[in-house]
Amino acid sequence: MSFLSALRSKVSELGLFDQANAEKKPSRDELFRDEFHLPESQTIQIDSAAEVSLHYNETAKNSQDFSSPTTSPLVNGESHVNHNDVFWSGRLFLTEQYLIFKDGFNGRDFNFTIHLSTIRKVERLPSKSYVFGLIITTFSGLRLTIQFIGIRSNSERFSLLLKKSLDTNLGCVKQLKPFLKTLYSEYLMFKNSPAGQDSDLQIPAGGLGLMFKFPGNTKKLRDKSKMRLWFEFMKVNGRNLNIVKQEMFYKLIRVGLPNRLRGEIWELCSGSIYSRYENIGIYQQILDDNADKTSIAIEEIEKDLNRSLPEYAAYQSDEGISRLRRVLTAYSWKNPDVGYCQAMNIVVAELLIFMSEEQAFWCLCTLCDKYTPGYYSKTMYGTLLDQRVFEALVEKTMPILWEHITHNDIQLSIISLPWFLSLFINSMPLVFSSRIIDILFLQGPRTLFQVALAIMRVNGEKLLKTTDDGSFIQVIKNYFGKLDESAHPTSKNETYRQITNFQELLVVAFKEFQDITNDTVKSYRRKHKNSVFSNIESFIKRTQIRNLPKLPNLDTNNLSNIYDRFYQVLETDNIQKGTGSSLMNFEQFEKFLSQITGWVIVSNVADSKNQEEFLHRLFVSWDSEFQGGLALSDVAIGLNKWTYNDLMSMIKTFFDLYDSTGSGYIDKEGMLQMSEGIIYLTRPLREGWVFDSITQREIDQVIAKRMNEYKKLLAENPDNEDVISPPNLTVDEQFYRHRQGERYLSAASKFLQNCFSYARPEQEIDELKTEDHLISIHDDDRKSDYGELATEEYIDEKDKKKSQSLKANKALDPDHPLAMDLPTFRMVILADESYELFFGEILASSIDINKPIKNAQSHFNIRNMFDTLVADGRKVANEVRRRIDDVQSITSPTASTFKRSRATSSASKHQASVDEEEDDDFISSDVGTTDTDLLKGAEVNVLNESKDNAKEKEASSA
Amino acid sequence: MNAKSSTSVKLVLLGEAAVGKSSLVLRFVSNDFQENKEPTIGAAYLTQRCTINDRTIKFDIWDTAGQERFASLAPMYYRNAQAALVVYDITKPQSFIKARHWVKELHEQASKNIIIALVGNKYDVVENEEEGSEDSKRKVSIEEGKQLAKDEGLLFFESSAKSGFNVNEIFMAIGHKIPDTSAGAASVNDNRNSERVDLTVNNDSPVNGNANCGC
Ligand SMILES: Nc1nc2c(ncn2[C@@H]2O[C@H](COP(=O)(O)OP(=O)(O)O)[C@@H](O)[C@H]2O)c(=O)[nH]1
Ligand SMILES: [Mg+2]
């Protein structure tokens, strides 16, 4: 992949992100899903205040009989309310597939997430009780009493909806059993149940650690004790898809997860377990569907496979490498906008130590979406943004250190970048980075910031002594190497002495920086987003423009405008279609050209066929890669060809457009189409929307003539100046419009006539070609050159028309086919004054790429479209004015006499002394003195009315 | 003893992937050449001290690494660099195009007086080829490199991290151009003169001469 194409895709992606993030407030459902890590599919069906208690049901505690689904969800059972149970009050939510509760205190004291397919029984609390309540039992023996609070009807509705949802989820229950087989927690519980003792239950597919040993010393890590604690916890609180989380849950994670359960708790905390449950088999399917394909991402993945935690045994084996390859590859297909980014290899290598491929895959998806947004994108905007956020947080929390860092020009963000990008995995030993990831999945993105800040804080004293990047990095490197050593080696207190650097780091991170919440991170990201984004944008723009070929007709300013317009047109459509393409399709092309040319009109009804044909032809000829879309470079190169300032080049550009095979000749059909093309392009002139310079010259001459006559009159009658009207400087526009239209119409017919009479018989040309050893091109080949555009319809239409015109015109006698070469075409154009002018000046100036995008936002209209040409027209008008002024200044004695005497005369007429100053101001003058003829003249006047102008008129009326 | 002055120079390496940036640094810092397996995320940091005319120069080297998409991080790296090595591979024309890009980028965006050396690496590959031979592996001529260097006011070298050819010279030449901050008075012109002298003296490589051109 070329640098250019890479950057192209970056831009489109950036545009997407920018607009998607136009600060729209997340909906309640989105916030809810985020809080409980639920998949996109879930929305709140109903919620209610409730009190909940957990009742440990001894009889069901080790039951593995989860094959019998909920058959009668609502039965009136005997009271299970044990009055010793603690009731937690909070809010209960029902989504399509989950029942969720959150305590009202801090949401962490007691909450649960239960997939409906795990519910085996729902009983109604005895009706004699004054409360409305349910008892819910899940397959793992979790037994929850729920008492609804609030109006009875809502409670009834809740339970009705719950019943309905349970019914619709009956299908899921079948999937539950095989899914549970993929979970280590189930294996653990069953193995330790009486039934499990003598059964040959298989360990679920898990991480590479099961095969290659987990990193670190399991004894030292006290994995066995941790495992027992989890076992006890899960016996009471359930697990995986039906779990109650109480304080113990968080504690167990903070002390570090046992290796064998780690993967499952990661997916539980991140919520990727829910995506996996919802998408069973999809991972394998993505791999199968793309089995034989290759991509740039795959090539890049391949290069890094041997560089991903190479010190870990599994990654010196085929097994480990293949798993890594498969997960990274599957992700690159799942999310082609990201594809593959270096550092993902390291992250996935870590995940795969503790997770099966499928687990790791879904976990990676969730990680990239929710925890490290934009980190691995093609612009890596998330990485850049979070480094900026980190710097801002250092500045806020450790101002002295920050001051030191900036003073010494230490590049903190460069140093911290790999921590964030690879979740500390490559920076510190695996046993420690794994524990940071434990907490990351539990607490969200703030974890990375808290740990990074704690690293700064803990090493603050030493860092303040460093004065350059090198020594700064060295301090941190040394520190990472000593994480397992005592933080207080010299302390007399034994327990104090046993605290390791790593433990201290976590304490500092989560105690001292507990104020850094996920919301803090979000708000800092919002704050710095714009500046980071505009930096990236301008970098990409610079790069793309620099990578364009040298284009003599376009300066940097033009290119910058083309770039802006190109992506503006693309982005709006990208949002709608959700694609990340950086190619312009035909509709976008039409829109693009409508903004910068005088001839393209979106939804052009009057001339749609000609426009369509011409634009398709243009589109295909600009599509250098034949990919059905135009890249920025295609558009720039194309525009360059159409903005030559000289006649000959423009004639060639036009000729080449119709000589699509590059044969150097245009056949009869081509000539007809050329003629139609020119007719289309000259429509604004034919319809008189704008005057060309020939018409302007005519107008100019008429006015100059009137001026001269006036001068002559003045000279001949120096005493009668009062009665001589100054010349009328307006013309009958309608007349000239019509006249110009006629001229262009006759040019069009003359063009075809000339083509046919100057073109040579094809036979001759064929002979010429063979002489020149040119490959002769058959008619069929030419047709196919209409490419994908050559729909049946198109060709049919053409053929019909062809035969019609053939009959009508003798020159098109099919027995004598003709062809025209460039010199002939040139001659034909030069034979007509209007067409010569059109190719020499008007065509190039009808494309305006000087206008920056801001001024062009207004909606398309004819005025706008002809701005350039109108401006040119004005130039001519001004020219006329200038000449008149010249005339005046040449005859200045006369003029001044005229002026003075007029003042005198007007004074005498009105019997009042009128100031010359006032006299200049025609608006303040008496309207009654202006006759209606004059008003008419003023209305149709195309010229800029100036004071002088009005003064003259006024004088004439006086 | 001489009152030696010490200057530290932040230097960044830019260029297409696999042109030999890391290898050049390794050669300069450890006089070694090997396939590096270390995955670098973002950029690797290395330092090397050397003495030029009684002056100790400490190079703080940021060796940028990674895929294409890491290019958007580049501004972070060159932001306050005093020197840059823009490296291309003389057997890969595409890498020269990219070098051109980096030079422009630096001139437009980096600090005004940044000293840039353009380096065409992997000279060893073409070392024993006959000049202008038909199937030469060389795809970027030395003239093209020189021309770009001349147009843009860069130091220019062809080098080989593998053989060590010209590697130290690159850093020496940069060191010479670094103004002596502690001495203050040392003029740039003086440095230029001494640079030429030094290069001729130090250049003991068998294929000397044509490859270096301190512009
Ligand atoms: N023949 C030859 N190979 C080189 C030279 N420098 C680097 N290489 C090889 O080119 C590849 C890329 O080198 P590396 O330093 O990693 O490039 P980087 O991506 O720019 O850092 C490695 O296989 C190196 O062994 C050189 O001067 N000559
Ligand atoms: Mg490298």
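Computation of the quantities below employed the complete heavy-atom set of this structure, encompassing side-chain atoms and omitting hydrogens, waters and symmetry-equivalent molecules. In what follows, chains are A, B, ... by sequence order, proteins preceding strands, each numbered from 1.
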Novice: Need one label for B:Q109: side chain, backbone, both or neither, based on atoms under 4.5 Å from any heavy atom in chain A.
Specialist: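 Contact with chain A involves the side chain of B:Q109 alone.
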Novice: A quick test of your reading: do over 12 heavy atoms of other residues, nucleotides or ligands sit less than 6.0 Å from NZ of B:K58?
Specialist: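 Check passes, neighbour count above 12.
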Novice: Please tell me if the side chains of B:I41 and A:F420 come closer than 4.5 Å, counting only heavy atoms from C-beta onward.
Specialist: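 Contact flag for B:I41/A:F420 side chains = no.
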Novice: Which one wins on heavy-atom pair count under 4.5 Å against chain B: A:L417, A:L384, A:D304, A:I414?
Specialist: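 Of A:L417, A:L384, A:D304, A:I414, A:I414 has the most heavy-atom pairs under 4.5 Å with chain B.
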Novice: Under 4.0 Å between a side-chain nitrogen and a carboxylate oxygen: does that hold for A:K378 and B:E68?
Specialist: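 No, A:K378 and B:E68 are not salt-bridged.
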Novice: Using 4.0 Å as the upper bound for N to carboxylate O, is an ion pair formed by A:D468 and B:K10?
Specialist: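 Salt bridge flag = no for A:D468 with B:K10.
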Novice: Atom CE of A:M380 and atom CG of B:L73: how far apart are they, to the nearest 0.5 Å?
Specialist: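 So the gap between those two atoms works out to 5.0 Å.
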Novice: Going from OG1 on A:T379 to CZ on B:F70, what distance comes out if it is rounded to the nearest 0.5 angstrom?
Specialist: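 Result: 12.0 Å between the selected atoms.
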Novice: State, to 0.1 Å, how close B:P75 and A:F539 come at their nearest heavy-atom pair, and which atoms those are.
Specialist: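 The answer is CG-CD1, 3.8 Å.
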Novice: With chain B, which of A:N535, A:I473, A:T383 has the greatest number of heavy-atom pairs at distances under 4.5 Å?
Specialist: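 Heavy-atom pair counts peak at A:I473.
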Novice: Taking atom CH2 of B:W62 and atom CG of A:D469, what is their separation to the nearest 0.5 Å?
Specialist: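 Going from CH2 on B:W62 over to CG on A:D469, the span is 5.0 Å.
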Novice: How long is the span from the CZ atom in A:R546 to the CD atom in B:E105, to the nearest 0.5 Å?
Specialist: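 Answer for the CZ-CD pair, A:R546 versus B:E105, is 4.5 Å.
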Novice: With rounding to the nearest 0.5 angstrom, report the CG to CD distance, B:D60 to A:Q411.
Specialist: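 If we round to the nearest 0.5 Å, B:D60:CG and A:Q411:CD are 9.5 Å apart.
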Novice: Measure B:R79 against the heavy atoms of chain A and call it side chain, backbone, both or neither at under 4.5 Å.
Specialist: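 Looking at B:R79, just its side chain touches chain A.
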Novice: Determine the option with the most heavy-atom pairs under 4.5 angstrom with chain B, choosing from A:D409, A:I415, A:L421.
Specialist: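 Ranked by contacts with chain B, first place is A:D409.
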Novice: Would you compute the distance between atom CZ of B:R69 and atom SG of A:C341 and round it to the nearest 0.5 angstrom?
Specialist: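 One gets 5.0 Å once the value is rounded to the nearest 0.5 Å.
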